[in-house]
Amino acid sequence: MVSQVHLGHIFHIAGSPATGDAADALVEVPDGALIIDAGGRVAYCGAGSDIPAAYRDEEVFDHRPGFLLPGFVDTHIHFPQTFAGDAYGGGQLLEWLELCIYPAESRYAEPEFARLAATEFCARRIAAGTTAAMVFGSAFPHAQDALFTETRRRGLRMVSGRGIQTTGEPSATPLITSEDDAIRLTSEEIDKWHATDTGDVDTALLHVAIVPRFSLAVTRRTLKNLGDLYDSVRDRGVYFHSHLNENNRPGTGEVDATKQAYGVATYLDTYDGKFLPGSAVGGKSLLGRRSILAHCVHCQDAELRRMAETGTSVAHCPVSQQFLGSGTMPWQRTLASGVTVAAGTDYGGGDEWLIPQVLSAAFKVHISEPGEHGVSMHPAEMLFTGTLAGARALDMENRFGNFDVGKEADFLVVEPARDPALNGTLAHGIRSEDPALARAQTLFALLMGIRESAIAEVYVQGRRIDVS
Ligand SMILES: [Zn+2]
């Protein structure tokens, strides 16, 4: 690969800020140049009139008046629900799982269907500009093989692991394995796919996670065995991923059901080795810097504290939380705990593949939180949550997530002209005379208005991914 000069309207969050400091870290370069070196890393990000002499003869890709943004990071999405978006179950989380999702995921038992789904899943991800993702995997090893194979072929970043279930409803039967098989199949997936694209966890695009569906779908023995397994592979950079405190509908919600089933003080205790009655310690913790828990809508303060203390991150999925009636993750209280909050589509619990649509939903639900809890998110916080915070949650902030020099160049070309509504908003919307507010207004209109049709080009490590 030779070095490349891309011209466009640049937005990114520089450095390594906390969410609340994102506005100060927002960089806008209206007539900008993003230069990628031959190794696929950012060599320069700045004014197009100021390109360093060493790069003035390189090939120029002029995307003006298009935008250059960091690739979006989806920290929670379900591969076996590729065709399960907008599934109607007539209830909330647990009813929807039993009626719609377990049957949909069971179809991946058929290898040909699983391959079709892997192709479609990667195509939808690319169309949405999702360059990196934590992917909740299929129970079936052949389906995971298809997903990793297609992800590698397309050149995308992914962390994924087979969905582990050792107990559950009758409709989940095809997804349930024995206790021993749950551990054996997960170990085999780690050995087969973890960092195997480069052989080095620090340069790999593919990583493996240990992924129990949620505590209700596994037994105490499975949690104990997974804790032992995770302890033995932590230093290889393996991840942990699951759901936490998603739905607390009175009587049938997952939060109360979990606490009752395990007899624990907090739901988080079940992932923290404290899964015996009274939250007594029964095994090793699954929490840490490479652990991401989806939703966290109904966390107790002690849970948020423990997540922050262990470096465990939150995948915030407001589109899904609205779809399943799960409530609103308290934005200010969650951030105040110090935990990293990144964005997740949770497709098919969510019905949008686009991270900007998740950020749009976040803006709407958090401005609607009651009383003093309501907040108007700054557009820079939105961009941060959908890009750099995702890289941080994946413990790869040192590699990608913004356009700091030296980062691996994951970026998108957004062409508003491909979407008349977005184009009109950007061209004719009002702008403040205050430059900082005008900048925020442009970024807000862009993030709220992006649809798949406007995403023209997608790059990972400076390599262009075929969008079609
Ligand atoms: Zn989910």
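Just follow the structure's listing: the first ligand is 1, and inside any ligand the first atom is 1. Each residue takes its place number in the sequence, starting with 1.
Side-chain contact of H366 with E369: a donor-acceptor pair under 3.5 Å is present, judged by distance alone. Side-chain contact annotation: H243 with H76, donor-acceptor N/O pair under 3.5 Å present. With hydrogens and angles left out, the side-chain atoms of R125 and T131 include no donor and acceptor closer than 3.5 Å.
With sequence neighbours left out, F72 forms a ring-ring contact (aromatic ring centres under 6.0 Å, His included) with no residue at all. Residues passing the side-chain contact (heavy atoms from CB on, under 4.5 Å) test with E452 are A127, A128, W353, L354, sequence neighbours excluded.
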I'd like a table of donor-acceptor pairs (distance under 3.5 Å, sequence neighbours excluded) in which one partner is a side-chain atom from residues 83-98, with atom names and distances.
from : atom 1 : to   : atom 2 : distance (Å)
Q92  : OE1    : N247 : ND2    : 3.1
E95  : OE1    : Q92  : N      : 3.0
E95  : OE2    : R249 : NH1    : 3.4

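With waters left out, the protein N, O or S atoms under 2.8 Å from the Zn ion (ligand 1) add up to 4.
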